[in-house]
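Written below as structure tokens is the structure these notes are about.
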Amino acid sequence: MKIAVLPGDGIGTEIVAEAVKVLQALGLKFELEHADVGGTAYDRHGHPLPEATLKLAKEADAILFGAVGDWKYDKLERQFRPEQAILGLRKALGLFANFRPAICYEQLTHASSLKPELVAGLDILIIRELTGDIYFGQPRGRRIAPDGHFPGAEEAFDTMRYTRPEIERIARVAFEAARQRDKRVTSVDKANVLETFQLWKDVVTEVHKDYTDVQLDHMYVDNAAMQLVKEPKRFDVIVTGNMFGDILSDEASMLTGSIGMLPSASLNDKKQGLYEPSHGSAPDIAGKGVANPLATILSAAMMLRFSLNQAEAADRIEAAVKKVLAQGLRTPDIWSEGTTRVGTSDMGAAVVKALG
Ligand code: IPM
Ligand code: MG
């Protein structure tokens with residue numbers, strides 16, 4: 001089992017180190033190989049996704065990814081910005097299926113900004129299509145507007161597009177995932193306005209014919225954004241496009257109390273995957289030893305389950321995380337009165353200990 005370890009920028013290094021500690025404590029045989037990515041890679045090699053890193057990522061069974069980005073790179077030409085590393089990996093490896101669970105742990109019910117009764121027991125899975133949509137659609141660029149409200153003015157444009165097979169395969173992923181859960185899928189679109197999402201809705205409806213044991217409903221994205229804060233527990237699996245999924249998954253993360261708890265997995269059709277916390281590089285707290293490593297540790301558990309066929313080890317990690325929360329250990333992002341404040345490496349060590 002070869003794992004490419006790409007810590008990246010900001011808190012990436014600290015949190016990935018803890019996940020690696022946990023992996024190494026499992027008593028399994030892994031080959032772990034580190035490489036630079038993001039702003040760190042730009043500083044050292046002149047590119048956020050160097051050839052060597054991409055090569056390693058391609059040949060590995062799974063990628064454990066930290067986070068990329070820092071304000072200091074905002075002025076760089078787009079192709080050199082840290083975010084291009086993650087977008088480049090998604091595209092180069094065909095990681096089209098992004099799993100973003102939003103689970104509210106019992107002990108963290110009060111850390112949510114919503115009323116505890118709205119989020120207690122919350123368990124949603126957002127499945128975001130990750131290699132299409134307006135993120136990658138061509139053409140895009142800047143030009144002089146040939147028409148529109150201000151012909152002759154400077155304008156910028158991106159293209160939203162989806163092909164039928166892209167929608168079909170992500171719909172199948174969502175229905176299959178729902179079969180392992182509460183068997184309900186909400187497909188989120190904007191079919192009332194956008195052609196792209198009328199096709200989305202039509203194709204999801206057709207694919208559903210193969211999954212009649214799963215209940216399907218459709219929701220416009222604006223309504224979905226509202227329902228997520230009004231009655232989040234009504235959802236089981238949400239499937240949506242790249243752009244809507246980006247926005248809704250951040251919204252959903254906050255229901256759980258802290259984005260510092262949420263793992264994610266991005267898979268291709270060979271079950272090769274990139275595993276990363278749902279949060280970013282948090283440069284403001286980098287190097288201070290206060291970042292929450294649990295999202296990355298839980299991402300390592302997803303990696304064991306989805307790409308490495310080690311479901312039992314994944315269960316062990318998830319149980320250990322629940323145990324440290326029950327022990328009252330909290331990094332500052334999830335700390336509340338009456339619990340014990342710990343730093344990044346103490347939290348990692350506690351998880352290792354709780355593995356038993
Ligand atoms: C995410 C992030 C990325 C995205 C950025 C860093 C390119 O926000 O993974 O949700 O927009 O997909
Ligand atoms: Mg995002």
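Ligands are counted one by one from 1 in listed order, and the atoms in each one are counted from 1 as well. Residue numbers count from 1 along this sequence.
Taking the centre of each ring, His208 and Phe175 come in below the 6.0 Å mark.
The option with the heavy atom closest to atom 12 (O) of ligand 1, from among Glu83, Arg90, Gln84, is Arg90. The option from Arg100, His279, Glu276, Met243 that lies nearest to atom 1 (C) of ligand 1, judged by heavy atoms, is Arg100.
Asp246 contributes OD1 as its N, O or S atom closest to the Mg ion (ligand 2).
Residue contact check: Arg128 has heavy atoms under 4.0 Å from atoms 1 (C), 4 (C), 9 (O), 10 (O), 11 (O), 12 (O) of ligand 1.
Not a single N, O or S atom of Asp250, from either the backbone or the side chain, sits less than 2.8 Å from the Mg ion (ligand 2).
Using modelled atom types, no side-chain atom of Glu129 and backbone atom of Ala97 make a donor-acceptor pair closer than 3.5 Å.
A salt bridge is absent between Lys233 and Asp123; no separation between the charged side-chain nitrogens and carboxylate oxygens falls under 4.0 Å.
For the side-chain contact (heavy atoms from CB on, under 4.5 Å) test with Met261, the passing option among Leu325, Thr331, Asp333 is Leu325; the others fail.
Figure legend: cation-pi geometry between Arg128 and Phe244 absent, as NZ or CZ is not positioned both under 6.0 Å from the six-membered ring centre and within 45° of its axis.
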| Evaluation steps, ring-ring contact (aromatic ring centres under 6.0 Å, His included), between Phe197 and Tyr220 | CA-CA 10 Å; Phe197 277 90; Tyr220 296 140; over 10 Å; no

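Given atom 8 (O) of ligand 1, the protein heavy atom at minimum distance is Asp246 OD1, 3.3 Å. When only non-hydrogen protein atoms are considered, atom 4 (C) of ligand 1 lies nearest to Tyr135 OH, 3.4 Å.
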